[in-house]
Amino acid sequence: MISVDDALDRIFTRIPTPLPETVPLARAHRRVLLKPLLAKRTQPPFDASAMDGYAVRAEEIVPGKPVFLAGTSQAGQRFTGMMQPGECVRIFTGAPMPIGADAVAIQENASANGNQVTFTQPVTVGEFVRKKGYDFTEGRELLQPGVGLTPAMLSLAAAANYPEIEVARRPKIALLSTGDELLPPGSELGADQIVASNAYGLIPLLSGYADKVIDLGIVPDDRSKLERALLSAFDYGVEVLLTCGGASVGEHDLVRSVLRDLGVDLDFWRIAMRPGKPLMFGTRGKTLVFGLPGNPISAFVTAVVLVRPALRQMTGHTDPFWPFMGVPLVTDLPANGERRHFVRGKLSRNEIGFLEVKPIGVTDSGHSSSLAEADALIIQPEDSPGIAAGEIVEIIPLSLLT
Ligand code: AMP
Ligand code: MG
């Protein structure tokens, strides 16, 4: 048996360096820069008003003393000419400051009567003025590589004048489910048949890291059919091939030997984790191959713990791991032996509103309803003697696995 960390290390060493591609900014959400993004312009490009009000010379503003209104500066249409002594200019948020003005008096402190404006408060130099370049200047590093682009980052990239952006390519992924007993949802099920459900969780779990995910459907436990399906995926040029089921050592579990026959350089691991002990990992040319267990919880948890980090690394993320946080445990966890346990848990809030997590009693790897009920996986380390209620545990919040 190898540890989760060893398995991850061995996977990471076989992952190719991400290549760049250019995508429209509007389609770059969650994509990852491979190098820093530099501002193509200066923002604001001029000294600008931060409020609606009057551009003034601060030293001239005395409460109650009228100032002459010389014109207007609006966003997109500046006041041309020079603001003379004794003058002010009506100004709106984002509009360029007139030459000669050094502050903005907000309109709440002003009253206009014809061409005369009086103010109720004195003004200080620079008040409510956004200096040119105060947000960013041309050439500045605005965004760092290695993280998924957030909405705020995309908005910033647009402000920096990027209509498109260079990000890491994402792989084409294919997923194949295998088992004689499996039928798609909605089927007329025979007495010995079950629904092939895993793909419906795995595809959305991983698709954010894929250029596309091809569902190769269900293949029976039949050597030649498996070979044909897997070969077609290789021929199509998928870069990550996932199989699900047929991963244990039962006599119907052909995936391992078929992958070998097809020339996959394959490791078969018993990983010290629960759920999800058996996992195959290998490469064939440029294709990474993961053979996931068929049990629904094992398939999902191995995908979270081993496949998702691999895909994150492939797609340029400098932190390939799952998001985690520490929260107190609501009820005790018993000792768990030599395997790292990913325990289904339910988040709630204590009396003062802080998050806490309660283990869900079920640990069986075929129990899908408890996974759907869970909103976290509690990570119980290897050889834990048990964890008492109240102690802080590390969790993977499932809602953050986008
Ligand atoms: P296997 O890895 O083929 O030994 O499968 C282990 C268990 O998972 C068996 O109970 C299978 O019926 C079940 N199983 C395999 N593939 C799937 C699937 N795609 N969806 C749901 N259950 C599955
Ligand atoms: Mg099977």
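Remember, it's a predicted structure, so these values are computed and weren't measured experimentally.
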Residues which pass ring-ring contact (aromatic ring centres under 6.0 Å, His included) with Phe268, listed by chain and number, not counting sequence neighbours: none
ring-ring contact (aromatic ring centres under 6.0 Å, His included) involving Trp269 - partner list, sequence neighbours excluded: Phe281
Hey, does the side chain of [X] reach the backbone of [Y] with a donor-acceptor pair shorter than 3.5 angstrom?
| X | Y | answer |
| --- | --- | --- |
| Thr283 | Gly285 | no |
| Asp221 | Asp180 | yes |
| Asn109 | Thr120 | no |
| Arg90 | Gly53 | yes |
| Asn295 | Ser298 | no |
| Gln193 | Gly190 | yes |

Residues that Lys358 engages under salt bridge (charged side-chain N to carboxylate O under 4.0 Å, His left out), provided they are two or more places apart: none
Pairing residues for Arg57 by the salt bridge (charged side-chain N to carboxylate O under 4.0 Å, His left out) criterion, not counting sequence neighbours: Glu60
side-chain hydrogen bond (donor to acceptor under 3.5 Å, both in side chains) between Arg140 and Thr42, worked out: CA-CA 9 Å; Arg140 204 189 101 187; Thr42 293; over 6 Å; no
Does the side chain of [X] reach to within under 4.5 Å of the side chain of [Y], using non-hydrogen atoms?
| X | Y | answer |
| --- | --- | --- |
| Leu206 | Leu242 | yes |
| Arg256 | Met280 | yes |
| Leu33 | Gln144 | no |
| Ile91 | Gln74 | no |
| Leu306 | Leu8 | yes |
| Ser370 | Ile360 | yes |
| Ser177 | Asn198 | no |
| Leu189 | Val195 | yes |

Please indicate whether [X] has more than 12 foreign heavy atoms, meaning atoms of other residues, nucleotides or ligands, lying under 6.0 Å from its [atom1].
| X | atom1 | value |
| --- | --- | --- |
| Lys132 | NZ | no |
| Asp192 | CG | no |
| Glu164 | CD | yes |

Trace of the salt bridge (charged side-chain N to carboxylate O under 4.0 Å, His left out) decision for Lys131 with Asp47: CA-CA 4 Å; Lys131 297 300 279 181; Asp47 289 358; 3.2 Å; yes
Among pairs that include at least one residue of [range], which meet salt bridge (Lys or Arg N to Asp or Glu O under 4.0 Å), considering only residues two or more places apart or in two chains?
| range | value |
| --- | --- |
| residues 232-249 | Arg169-Glu239 |
| residues 21-43 | Glu21-Arg31, Lys35-Glu166 |
| residues 5-18 | Asp5-Arg340, Arg14-Asp265, Arg14-Asp267 |

Report, one line per pair, each donor and acceptor closer than 3.5 Å where one atom sits in a side chain of residues 318-331; sequence neighbours left out.
unit_1	atom_1	unit_2	atom_2	d
Thr318	OG1	Gly146	O	3.2
Asp319	OD1	Phe321	N	2.9

Any donor-acceptor N or O pair under 3.5 Å, side chains Arg170, Thr315: no
Modelled atom types, side-chain donor and acceptor of Thr118 and Ser111, under 3.5 Å: yes
Go through the structure and list residues passing side chain to side chain donor-acceptor pair (under 3.5 Å) with [X], not counting sequence neighbours.
| X | value |
| --- | --- |
| Asn115 | none |
| Arg130 | none |
| Glu127 | Thr124 |

Criterion side-chain contact (heavy atoms from CB on, under 4.5 Å) on Leu175 and Ile173, from CA distance to verdict: CA-CA 7 Å; Leu175 172 64; Ile173 299 183; 5.6 Å; no
Charged tip of Arg349 within 45° of Phe354 ring normal and under 6.0 Å: no
Cation-pi check, Arg284 onto Phe234 ring (under 6.0 Å, within 45° of axis): yes
Residue pairs involving residues 209-220 (criterion side chain to side chain donor-acceptor pair (under 3.5 Å); sequence neighbours excluded): Tyr209-Arg308, Tyr209-Arg312, Lys212-Tyr236
Leu333 vs Val343, side-chain contact (heavy atoms from CB on, under 4.5 Å): CA-CA, chis, key distance, verdict: CA-CA 9 Å; Leu333 275 175; Val343 184; 4.0 Å; yes
